[in-house]
Amino acid sequence: MELTFCNPGVDAMLQSIMEFQTEGETPFWSDVLYHFYPQLDRAYAAALPFPERRGYIERTLREVYAELEGAIDEKVVLYSRHWERCEPQITAALSDAFEVDCGGLFPDLRCEVSMNPVSPRFLKERRFEVFYLNSERGAIGVAIHELVHFVWFYVWNRVFGDDYEEYERPSLKWILSEMVVESVMRDPRLSSINPYFPREQGGCIYPYFFDMKAGGAPVLETLDGMYRTQGIEAFMKNAYAYCREHETEIREHIKKSEG
């Protein structure tokens, strides 16, 4: 498992940012941009037709990038050094969790240090983003979360033989993959180097999962119990069956939480 940190450039960052500023996007995803960039006037942007809003956001953030470029380049170096120290135990923990030798997987993974606070992943392109305001420990915490997804869906694809296009938001397969990160992260080799674990430190998954219930029982507790007692392939099959059984409740909770 080889991970290269890089500055992808302002054009790539803006393209990523605008994917979460589309018409109809929920505030859960779109509003965080205005929190981190007070240079953007939220009310003014909301009143613009979408093409003009896009132009306003991009012009403003290009100016911000001009001021941040040096700091982002410094974070690339800082994150890379910390990754080198942590990589052996991360690889070992993920190998055990997914019953596969992760040392030989993904020799070309790329982590883009970005202005996008959402930090998306792109499975087929083998890249993901980390928000530049993270500390080096925070960046590694985010990276572990994303690496869990890469290995999860590598194994998942071998088990189910389905299509990678089915693994993205808002599919149920995506939802399940986001929920199981916490169980994988409980491994001390991972939790000890992730400043966002446990939940009291902010959590390593979306917070609306914490109080989600299905059939009257906490979903995360149910999944964690399955994870701890089953092999990874059996867990994937049974966890997905459980989510399908309770899909309506799960989706209603997410819809309400995302506002």
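Between Phe128 and Phe150, the ring-plane angle classifies as tilted under the 30° and 60° cut-offs. The aromatic rings of Phe209 and Tyr206 are tilted relative to each other, their planes meeting at an angle between 30° and 60°.
Salt-bridge formation is detected for the pair Glu23/Arg53: a Lys NZ or Arg NE/NH1/NH2 atom is positioned less than 4.0 Å from an Asp or Glu carboxylate oxygen. Salt bridge present: Arg199 and Glu182 bring a charged side-chain N and a carboxylate O closer than 4.0 Å. At a threshold of 4.0 Å, the pair Asp108-Arg127 does not count as salt-bridged, since none of the basic side-chain nitrogens sits closer than that to a carboxylate oxygen.
For NZ of Lys173, the number of neighbouring non-hydrogen atoms (other residues, nucleotides, ligands) closer than 6.0 Å is greater than 12. Applying the 6.0 Å contact sphere to CZ of Arg81 captures no more than 12 heavy atoms from other residues, nucleotides or ligands. With a 6.0 Å radius and a threshold of 12 heavy atoms from other residues, nucleotides or ligands, Glu247 has its CD atom above the threshold. Other residues, nucleotides and ligands contribute only 12 or fewer heavy atoms inside 6.0 Å of the CD atom of Gln15.
Within the 3.5 Å criterion, the main-chain N or O of Ser30 finds a donor-acceptor partner in the side chain of Gln21. In this structure, His253 contributes its side chain and Tyr208 its backbone to a donor-acceptor pair below 3.5 Å.
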Given Trp152 and Tyr167, is the ring pair (Phe, Tyr, Trp, His ring centres under 6.0 Å) satisfied, shown in steps? CA-CA 11 Å; Trp152 169 271; Tyr167 303 160; 9.8 Å; no

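Contact between Pro117 and Val32 at its shortest, heavy atoms only, is CG-CG1, 3.9 Å. Across every non-hydrogen atom of Pro170 and Arg251, the tightest pair is O-NH1, 2.8 Å. Heavy atoms only, all atoms of each residue included: Glu19 and Glu25 are closest at O-OE1, 4.1 Å.
Checked options Ile72, Leu68, Val113; the residue passing with Met13 is Ile72 (criterion: side chain to side chain contact (heavy atoms under 4.5 Å, CB included)).
For an aromatic pair to be called close, the ring centres must be under 6.0 Å apart, and Tyr154 with Phe98 fails this.
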